[in-house]
Structure formats: C-alpha cells, structure tokens
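Report on one structure; see the data block that follows.
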Number of protein chains: 2
Amino acid sequence: MLNPSLRDPAPIFAALGDRTRLALLDKLGDGQARSIAALSSDTALTRQAITKHLHVLQDAGLVASLRVGRESRFAARREALDEARAYLDGVSRQWDDTLGRLKAFVEDGPTG
Amino acid sequence: MLNPSLRDPAPIFAALGDRTRLALLDKLGDGQARSIAALSSDTALTRQAITKHLHVLQDAGLVASLRVGRESRFAARREALDEARAYLDGVSRQWDDTLGRLKAFVEDGPTG
DNA sequence: GAAAAAGGCAACCATTTAGCTGCCTAATTT
DNA sequence: AAATTAGGCAGCTAAATGGTTGCCTTTTTC
C-alpha cells in the first residue's frame, strides 16, 4: 500500500473536486476570515448554496469557522491541504521510479 | 485568481475523491499496465463497477487505456497528477504568505 | 468448433449532491 | 422598538454517482 497515513485522503480530494469550492478556497487564500455573506456576494449562487459548500470544506478540514456576533467567519486551514499534498507527493514519488515502464507502455504497448 | 492554468483542476480532484479509485491508482503505481480483470480481482466490487471507476480516472486523465487482444490494459498517467500537484502547490504557496494572519485567527479570533 | 475468458452495453436502483425557496431566530442599526 | 442584516433549518427537485444484474460480442484456448 502506498500511503499508510492515518486518515483517508479521499474526502479531502472530493471536497476539492468542485469549481465553486476551489473558488472559495481561493478567496480565503489571503488569510482573511470572511462571513458567509461576504463569500456569497459576487457569486451567482444563493447564500444557502455557498453555506453548503463551506460545510463540505469544513467537514474535509479545509476551512474552519467561528461565530462572531451574528456572523460566521470562515478561514482556510493548512492541515488538510498539506495532507492532500503529501499524499500526491507520495504517489508522484512512487511513479517516478517506474517512468521507464510507463514510457514503454506508450511507445511499445503495454507489457504487463 | 490563483492558478491561471489552462485546465480546470476540479475534475481531477473529483476523480481522486474516492477510495476505490485511489486504490486503483495505487495498484497501477508500479508502472505495470493491467487488464480490467486483473484490477477487479481481489476487490469486493464487480468488474463493471471497477470499469466505471477506470473510466472516471480516464476522463480525468489519470490513466490511459489500450486494447490488446481481448483485454483492455490500463496504466497510470503522470500529466493529470502533476496538474493536481501544481495546483495544490500554488495554493500552498499563496497560503504561506498569510500564515501569520491564519495564526491570528486561531489565537485571537478572526480579524476580517 | 465448443468452451472459457475478457469485456462492452444497457437498464435499473439507491444514495448523494448541488441547487433552490421559504420561513424562522438572533444580532445590529437606526 | 422597528427595521435590517446574518444566518440556521427544513423541504423539495434534478442530476450525478456508485453499485448491481443480465445479456451480447470478441478473442483465446482446448
């Protein structure tokens, strides 16, 4: 098995697998915590749709939220992102060792 | 906007967002091309389920297939993986610059 | 040439997902 | 205290997802 890491990275990738959510992470990328209203303005989607996406990101650990007065502020979290990166780096490292055979697949047809 | 890369990385992440598919990529990680039958053995799932997953991976560019005689051989592809890695690295680099503010969010509450 | 192995195709089902609307509560603002 | 703003909660719908079974074609093998 490749990555014997403790958590299953699939939910993190699943959370990243949506344009709207990637855009939200992009907005939060400056480190500012933002309210749902702030994150919903300048989108075509409704506040509730954005709220759902934020919860998906939060369940995956990619953002954290904090209630402040009447608003809920969301901010990006490094940890889950780093898990995803570490996983992909592990896969990439494994594939590095076998590039020759992959090349052979393309040029000469599969050998396995 | 963060990554002005040509393709939308969301479909790649979506393809990675499933345990079964990550396991398939893991199996293909040694560079050997494998038939659907080979990839379906030792799974609890049916051949057809595995076939569907392989097509999801193929649509995302993470694997390539080649018909050889009566079998379809699948092999891992670097390109899509590298796109995903490059995207996450870009996000990570952006977040690096703002770690101080993220820290402040955790310790002192959000400031935005 | 018959049997077995590999796999494509289609239909079906249950669950999840992505979005909406409507309504209610809780803070702020005026 | 009334109006506004932020957002939670519930219910609904359409489409996508993950899985199944059944059947057919093609290629090997015996």
Side-chain angles (χ1 to χ4, degrees), chain A residues 8-28 32-75 105 109-112, chain B residues 8-28 32-75 105 109-112:
Chain A
D8 177 15
I12 302 177
F13 289 124
L16 293 171
D18 181 282
R19 279 182 118 149
T20 302
R21 290 194 288 267
L22 289 181
L24 285 170
L25 285 185
D26 189 19
K27 270 189 205 167
L28 293 175
Q32 291 285 336
R34 285 177 175 75
S35 69
I36 295 178
L39 291 166
S40 303
S41 70
D42 90 344
T43 327
L45 301 182
T46 60
R47 171 179 60 83
Q48 292 84 344
I50 297 296
T51 300
K52 280 195 185 177
H53 283 300
L54 287 169
H55 285 146
V56 172
L57 289 171
Q58 185 165 18
D59 289 347
L62 286 160
V63 303
S65 78
L66 190 55
R67 192 78 191 249
V68 176
R70 68 179 159 183
E71 48 186 35
S72 254
R73 306 239 178 105
F74 286 79
F105 169 81
T111 56
Chain B
D8 177 14
I12 302 178
F13 290 124
L16 294 170
D18 180 281
R19 277 181 120 149
T20 302
R21 290 194 289 266
L22 289 182
L24 286 171
L25 285 184
D26 188 18
K27 271 189 203 166
L28 293 175
Q32 291 285 337
R34 283 175 177 77
S35 68
I36 294 178
L39 291 166
S40 303
S41 70
D42 91 345
T43 327
L45 301 182
T46 60
R47 171 179 59 84
Q48 291 85 345
I50 298 296
T51 300
K52 280 195 185 177
H53 282 299
L54 286 169
H55 285 145
V56 172
L57 289 171
Q58 186 166 19
D59 288 348
L62 286 161
V63 302
S65 76
L66 191 56
R67 192 78 191 246
V68 176
R70 68 180 158 181
E71 49 186 36
S72 252
R73 305 240 178 104
F74 285 78
F105 168 80
T111 55

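Side chains included, hydrogens not; waters and symmetry mates left out as well; all remaining heavy atoms used. So you know, we letter chains A, B, ... as the sequences are listed, proteins then strands, and number each from 1.
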Worksheet item: More 5' along DNA chain D: B/Arg67 or A/Arg47, using each one's nearest nucleotide?
Response: A/Arg47
Item to complete: Quick one: pull up OG1 in B/Thr43 and NZ in B/Lys27 and give me the separation to the nearest 0.5 Å.
Response: 4.0 Å
Item to complete: Let me know the distance between NE2 of A/His53 and P of D/dG8, rounded to the nearest Å.
Response: 15 Å
Response to the item:
Its 5'-most and 3'-most nucleotides having an atom under 4.0 Å from a non-hydrogen atom of chain A, DNA chain C is contacted over C/dA18 to C/dT28
Worksheet item: Looking at D/dG18, does its base get a donor-acceptor pair with the side chain of B/Gln48 below 3.5 Å?
Response: no
Worksheet item: When rounded to the nearest 0.5 angstrom, what is the spacing between OG in A/Ser35 and CZ in A/Arg67?
Response: 11.0 Å
Discussion item. Please report the distance, rounded to the nearest Å, between CG in A/Leu54 and P in D/dA6.
Written reply: 15 Å
Fill in: Donor-acceptor pair under 3.5 Å, B/Arg70 side chain vs D/dT26 base
no
Discussion item. Taking any heavy-atom pair under 4.0 Å as a contact, classify A/Ala49: base, sugar-phosphate, or nothing.
Written reply: sugar-phosphate
Fill in: Most 5' of A/Val56 and A/Gly69 on DNA chain C, judged by nearest nucleotide
A/Val56
Worksheet item: Going by heavy atoms in the side chains, are B/Leu45 and B/Lys52 under 4.5 Å from each other?
Response: no
Worksheet item: At under 4.0 Å between heavy atoms, what does B/Arg19 touch on the DNA or RNA strands: base, sugar-phosphate, or nothing?
Response: nothing
Item to complete: Select from A/Thr20 and B/Thr51 the residue whose nearest nucleotide in DNA chain C is closer to the 5' end of that strand.
Response: B/Thr51
Practice prompt. Mind calculating the distance between CZ (B/Arg73) and C1' (D/dT27) to the nearest angstrom?
Written response: 13 Å
Discussion item. Please confirm whether the shortest side-chain N or O distance from B/Thr46 to OP1 or OP2 of D/dT20 is below 4.0 Å.
Written reply: yes
Item to complete: For B/Asp59 and D/dA16, give me the distance from atom CG to atom P, rounded to whole Å.
Response: 14 Å
Discussion item. Within this structure, what is the NE2-CD1 distance for the pair A/His55 and A/Ile50, rounded to the nearest 0.5 Å?
Written reply: 12.0 Å
Could you pull out every donor-acceptor pair under 3.5 Å between side chains of residues 14-25 of chain B and any protein atom, sequence neighbours left out?
unit_1  : atom_1 : unit_2  : atom_2 : d
B/Asp18 : OD1    : B/Thr20 : N      : 2.8
B/Asp18 : OD1    : B/Arg21 : N      : 3.2
B/Arg19 : NE     : A/Asp8  : OD2    : 3.3
B/Arg21 : NE     : B/Ala15 : O      : 2.7
B/Arg21 : NH1    : B/His53 : ND1    : 3.1
B/Arg21 : NH2    : B/Ala14 : O      : 3.4

Discussion item. What's the separation between atom CG in A/Leu54 and atom CG in A/Asp59, rounded to the nearest 0.5 Å?
Written reply: 11.0 Å
Fill in: From D/dA6, D/dG8, D/dG19, nucleotide with atom closest to A/Ala37 side chain
D/dA6
Fill in: OP1 or OP2 of D/dG8 under 4.0 Å from side-chain N/O of A/Ser72
yes
Worksheet item: Just by distance, do the side chain of A/Arg34 and the backbone of A/Gln32 share a donor-acceptor pair under 3.5 Å?
Response: yes
Fill in: Distance, rounded to the nearest Å, where B/Glu71 contributes CD and D/dT25 contributes C1'
16 Å
Discussion item. Rounding to an integer number of Å, can you tell me how far B/Leu45 CG sits from D/dT17 P?
Written reply: 17 Å
Worksheet item: Rounded to whole angstroms, how far apart are CD1 on B/Ile50 and C1' on D/dT20?
Response: 13 Å
